[in-house]
Number of protein chains: 2
Amino acid sequence: MSTPLAHIVDDDEAIRDALTWLFRTREVASAEWSSAEEFLAAWQPDWHGCIVLDIRMREMSGLECFDVLQERGNTLPVIFLTGHGDVPMAVGALKKGAFDFLEKPFDDNALVDVVIRALASDAKRQASQATQASVTHHLALLTPREQEVMNLVLAGKFNKVIADELNISMRTVEVHRARVFEKMGVRSAVELAQLLAPGRDKGAGGTGNSGEH
Amino acid sequence: MSTPLAHIVDDDEAIRDALTWLFRTREVASAEWSSAEEFLAAWQPDWHGCIVLDIRMREMSGLECFDVLQERGNTLPVIFLTGHGDVPMAVGALKKGAFDFLEKPFDDNALVDVVIRALASDAKRQASQATQASVTHHLALLTPREQEVMNLVLAGKFNKVIADELNISMRTVEVHRARVFEKMGVRSAVELAQLLAPGRDKGAGGTGNSGEH
DNA sequence: TTCCACACTGCGGATGACCACAATTGAGAC
DNA sequence: GTCTCAATTGTGGTCATCCGCAGTGTGGAA
């Protein structure tokens with residue numbers, strides 16, 4: 001775990017200093033890395049924030065660094081900076097999942113705005129991924145048999161039918177079913193279904209009652 | 001309804017002819033439009049396929065055309081072609097949802113590959129949207145009261161509680177509940193929850209039974 | 001005015017879900 | 001060898017769901 005940082009990866013110290021100062025004026029916490037290698041060596045999958053990545057660097061390029069990060073399962077938004085980018089490069093980067101691609105010279109405010117959006121995007125992703133991870137974790141607590149029963153419950157089948165299909169007694173199904181609910185922290189099959197398939201709004205209001213009898 | 005077409009929008013007849021021929025050799029059905037205006041006048045929201053859009057045209061530009069399409073709720077993938085694009089233009093187009101952005105001269109095969117991917121992407125989107133629309137349609141068949149009851153059912157509440165909250169009798173809740181199931185084409189609250197929140201895989205196999213009693 | 005959709009209600013029964021109490025068996029851990 | 005855990009089963013009972021049958025009242029459309 002860490003606080004959200006805008007990671008500046010650039011081998012030009014003057015630019016790093018300028019960006020660090022720029023971010024500080026807009027109250028964006030940042031960190032500096034003087035090469036892609038240095039950054040990759042430190043990178044941890046649980047970091048929060050975003051990455052501001054220069055494309056042209058002496059050793060490993062920003063694009064190569066990006067590829068390595070993708071392979072490692074990076075989820076941080078990556079904002080590319082380049083002084084001499086071309087269209088195919090920009091298109092390729094964006095289609096591979098880059099957050100943005102800015103050409104130098106860029107407007108300072110525009111960059112910070114992008115970084116702030118990237119930080120917000122990452123925060124949102126982290127949040128949704130956290131609940132997702134929690135569900136997956138709870139799911140892992142289920143024994144194989146319990147998962148089997150759970151799937152059949154989610155298929156809308158009666159305990160009797162489940163018992164038949166698994167060649168066990170109804171009573172056993174009930175026990176498994178109860179344990180699934182307990183371990184997953186829900187109290188009904190409906191809650192379970194929603195937990196495992198979050199989605200959609202509800203059309204009309206819920207508790208609002210209009211007329212009475 | 002219509003068959004999937006690659007819509008070529010370009011005011012240069014030579015290019016249109018070349019693309020049409022190119023697509024035909026790869027068995028991609030296409031249509032030609034000699035201007036953005038002409039295309040926009042014909043465009044229908046239920047079209048399938050994709051759009052190959054030249055940026056530089058005499059009257060309305062491809063980018064403007066794209067903006068209009070977005071406003072109208074277009075969902076077809078848009079592939080931009082340009083002879084003199086710059087990075088900000090490409091980045092802007094992709095971030096607004098363009099499918100791809102190719103610079104002339106481009107590799108013919110590369111373009112067709114992109115078009116084929118775009119067609120596949122659209123087909124997939126159409127399919128998922130169709131089931132989505134079906135659900136919405138069924139939802140619209142519910143009376144207000146039925147929707148109210150449905151939401152409370154999806155909240156995992158007992159009929160008794162629902163009856164309390166709506167100040168009606170349990171029997172009435174049961175009737176509404178049954179009608180909701182009937183109209184939505186499901187036979188249990190679990191199925192309903194999954195219909196309204198499609199999602200996730202199921203971990204282990206379902207019906208496979210290993211040991212017996 | 002008549003017809004119809006919608007909302008509402010009661011009764012009673014069949015079926016399913018859930019639970020406490022009580023136990024057995026087999027596999028791997030200590 | 002004992003312990004723990006997963007998986008299994010039965011009994012008996014409570015609560016919830018689902019359903020058919022039968023009926024009331026209201027507001028809008030024909």
Side-chain angles (χ1 to χ4, degrees), chain A residues 138-196 203-213, chain B residues 137-195 203-213:
Chain A
H138 282 174
L139 226 40
L141 293 179
L142 300 179
T143 67
R145 202 54 158 172
E146 284 163 357
Q147 292 191 16
E148 239 171 342
V149 171
M150 184 189 75
N151 289 332
L152 294 173
V153 167
L154 289 176
K157 299 185 177 176
F158 295 141
N159 286 350
K160 183 164 62 174
V161 177
I162 297 174
D164 259 18
E165 292 194 14
L166 297 180
N167 286 318
I168 55 182
S169 79
M170 244 183 69
R171 186 66 189 87
T172 307
V173 174
E174 289 174 19
V175 173
H176 286 318
R177 187 183 181 122
R179 281 210 195 295
V180 168
F181 288 169
E182 183 190 346
K183 288 184 180 177
M184 297 300 290
V186 298
R187 276 171 319 159
S188 73
V190 176
E191 281 182 38
L192 185 67
Q194 292 182 336
L195 186 67
L196 263 49
T207 52
N209 59 5
S210 36
E212 73 280 35
H213 73 299
Chain B
H137 173 248
H138 282 175
L139 227 39
L141 293 179
L142 300 179
T143 67
R145 202 54 159 172
E146 284 164 358
Q147 292 192 15
E148 239 172 341
V149 171
M150 183 188 75
N151 289 332
L152 294 172
V153 167
L154 288 176
K157 299 184 178 177
F158 294 141
N159 287 350
K160 183 163 62 173
V161 177
I162 298 173
D164 260 18
E165 292 193 15
L166 297 181
N167 287 316
I168 56 181
S169 80
M170 245 183 68
R171 188 66 187 87
T172 306
V173 174
E174 288 172 19
V175 172
H176 287 317
R177 186 183 181 122
R179 282 211 194 293
V180 167
F181 290 169
E182 183 191 343
K183 288 184 180 176
M184 299 299 291
V186 298
R187 276 171 319 159
S188 72
V190 176
E191 281 182 38
L192 185 66
Q194 291 184 334
L195 186 67
T207 53
N209 59 4
S210 37
E212 73 281 33
H213 74 299

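Note on naming: letters A, B, ... go to the chains in the order of the sequence lines (proteins, then strands), and numbering restarts at 1 for each one.
In this structure, B:Phe181 atom CZ and D:dC19 atom C1' are separated by 13 Å, rounded to whole Å. Distance CD (B:Glu146) to C1' (C:dC8): 13 Å, rounded to an integer number of Å. Taking atom CD on A:Gln147 and atom P on D:dA6, their separation rounds to 13 Å, with Å as the unit. Atom CD in A:Glu182 sits roughly 10 Å away from atom P in C:dA20 (whole-Å rounding). When the C1' atom of D:dT24 is taken as reference, atom CD1 of B:Ile168 falls 16 Å away, rounded to whole Å. If you measure from atom CZ of B:Arg145 to atom P of C:dC8, you get 4 Å, rounded to the nearest angstrom. Residue A:Arg187 contributes atom CZ, which lies 17 Å from atom P of D:dC15 at whole-angstrom precision. Atom CG in B:Asn159 sits about 15 Å away from atom P in C:dA17, given to the nearest Å.
To the nearest 0.5 Å, the span separating OG on B:Ser169 from CG on B:Asn159 amounts to 10.5 Å. The distance from atom CG of A:Leu142 to atom CE of A:Met184, rounded to the nearest 0.5 Å, is 6.0 Å.
For B:Arg171 and B:Glu174, the salt-bridge test passes: some basic side-chain N is under 4.0 Å from an acidic carboxylate O. Taking the charged nitrogens against the carboxylate oxygens, A:Glu165 and A:Lys157 do have a contact shorter than 4.0 Å, which makes a salt bridge.
For DNA chain D, the neighbouring residues in residues 170-180 of chain A, judged by any heavy atom under 4.0 Å, are A:Arg171, A:Thr172, A:Val175, A:His176.
Side-chain N or O atoms of A:Glu191 include none that pairs as donor or acceptor with a backbone N or O of B:Gly156 at under 3.5 Å. Of the possible polar contacts, one joining the B:Gln194 side chain to the A:Leu154 backbone as a donor-acceptor pair under 3.5 Å is found.
Listed pair A:Thr143 / D:dC5 fails the phosphate criterion, with no side-chain N or O lying under 4.0 Å from OP1 or OP2.
Where the helix from C:dT1-D:dA30 to C:dC30-D:dG1 starts and where it ends, the local axes point in directions that differ by 40°; five pairs per end, rounded to 10°.
Environment of CZ in B:Phe181: crowded, with over 12 heavy atoms of neighbouring residues, nucleotides or ligands closer than 6.0 Å.
Each of A:Lys160 and B:Lys183 lies near DNA chain C, and the nucleotide nearest B:Lys183 is the one positioned closer to the 5' end. Two residues, B:Leu141 and B:Ser169, neighbour DNA chain C, and the one matched to the more 5' nucleotide by heavy-atom proximity is B:Leu141.
Inter-residue side-chain proximity for A:Arg145 and A:Thr172 is flagged as unmet; no heavy-atom pair is nearer than 4.5 Å. Looking only at side-chain heavy atoms (C-beta outward), B:Lys183 and B:Glu146 come within less than 4.5 Å of each other.
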